[in-house]
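We count residues from 1, following the sequence as given. All values below were derived from every heavy atom in this structure, side-chain atoms included, with hydrogens, water molecules and symmetry-related copies excluded. Here the structure is a predicted model, which means the values were calculated and not measured.
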Amino acid sequence: MSERRLLFLDSLRGFFILYVIWLHAMNGVVFGNNPEALNEAPVWLLIVFAPLAILGTWAPIFAVISGAAHAYVLHGLMVRYQSKHGSGLPVRTFMAGAVATSLFLYALSVLNMAFMHHSMPFNGAFRHTLFTSSLQQGQWVPFDLHLLFYNDALAMVAMNGLLINLILYALWRRNGFKHPSRYMTLIGAGAMGIFLFSPLVHYVLTPWFFHALNGRHYGAAFLLKLIVGPNLSPMPYLAYGLVGALMGICLARRVPETLVRRYGYGLSAMLVAGGAVLLISQGFTPTELVEHPFPLKMHCINLGLMLACCTWLVLHMEYCSEEKRGRMAQRTLWLRRVGLMALTLFCLESFGSIVFSKVYMWVLGIEGSFPRSPLYVVPFLACVLIF
């Protein structure tokens, strides 16, 4: 089985790393990563950027992308192996890459949270990283150990990749790979279970996590971090990765387009409708955009919209003629090239946006905090993206 690159995954990765640059510049520089600033923000800003604010909660899209990529590649590996050997599963090949990649990404997460991330509120105090925060403050500030117990997007992708590989290994070992309807049903049920029960898990375990962290029981805190640690914990974000894995398997198996359309848009509509009902009944405040964990209503809406977005891209970029696919490949080339630099950009964009803001304010003769006037905010964000 010859595999081809999935254009929609590469394009999504490129688009959202550009969006991360814009979003972190807005949050970290303009608002200083202060959640209360959302309640104090000018009305015009909330109205103009409302659609973008929703996308600002889409960090889990990287879990969807990662899950789809892992499942797609591993499915191809299994097909080639079983066509050659008749049965079985290449354990070393199957898991070695996942373990190495996950450890590498997790190490980058630690470096990012120690040195490069914006200053941020966490565990009752405003915490600072060594390089970026020192530059922003204009003096050396001590690194805060608590930030190593924060799950950023890199930690989320690292843990999701490892767990999804383990789950697929458990489902495909022996003769499991020969029963796609069974293992796809189990993956879907697992995603739903994680999604629905994560609020209960957080309610029980999150207080223990902070109790262990504040009591300097760092071993227990680290173990709990791998389950419920803020901000992008495996509960519930493993469910996003499993949904991505289902998409990757469907693409690898070339499931009929009608089924992709029916289940993709159908499940998306159900999730968004459920989230809308919860939103109407429970209400909404701007600070919920930065809460941990997100309320269930936001998870329903986010996952539903992500699923609709991915379904649309799959239908238009993967289930099409080779001629149309060639045109899409040319049109998205710049995005996919940006996607190749995603890790580098993610690790450096916070520090870079602070450097750029210092130069920007110096040139314009601005002192103190960054002004929140559209005359300053919009050109600054445009300059950061262009740079």
ILVMFWY network linking [X] to [Y], side-chain heavy atoms under 4.5 angstrom:
| X | Y | result |
| --- | --- | --- |
| Val359 | Val377 | no |
| Ile17 | Leu340 | no |
| Val110 | Leu147 | yes |
| Phe210 | Leu226 | yes |
| Val243 | Leu259 | yes |

(message) I'd like to know whether OH of Tyr376 has more than 12 heavy-atom contacts from other residues, nucleotides or ligands below 6.0 angstrom.
(response) no

(request) Verify whether the ring centers belonging to Phe149 and Tyr218 lie closer than 6.0 Å. (result) yes

(request) Sequence neighbours left out, what pairs pass ring pair (Phe, Tyr, Trp, His ring centres under 6.0 Å) with at least one residue falling in residues 339-375? (result) Phe356-Phe387, Tyr360-Phe370, Tyr360-Phe380, Phe370-Phe380

Say whether, by atom type as modelled, one donor and one acceptor occur between the side chain of [X] and the main chain of [Y] under 3.5 angstrom.
| X | Y | value |
| --- | --- | --- |
| Lys358 | Gln136 | yes |
| Thr332 | Leu335 | no |
| Ser133 | Leu130 | no |

(message) Just verifying a value: how many Å separate Ile354 CD1 and Ser134 OG, rounded to the nearest 0.5 Å?
(response) 11.5 Å

(message) Tell me every residue that passes side chain to side chain contact (heavy atoms under 4.5 Å, CB included) with Leu313, counting only those two or more places apart in sequence or in another chain.
(response) Phe8, Leu12, Cys309, Met317

(message) If the condition is side chain to side chain contact (heavy atoms under 4.5 Å, CB included), which residues does Ala59 pass it with, not counting sequence neighbours?
(response) Leu232

(message) For His299 and Tyr237, take the angle between the two ring planes, folded into 0 to 90°, and tell me which bin it lands in: parallel under 30, tilted 30 to 60, perpendicular over 60.
(response) perpendicular

(message) Just so I know, are the side chains of Met184 and Leu246 near enough to count as touching, which here means a heavy-atom distance under 4.5 Å?
(response) yes

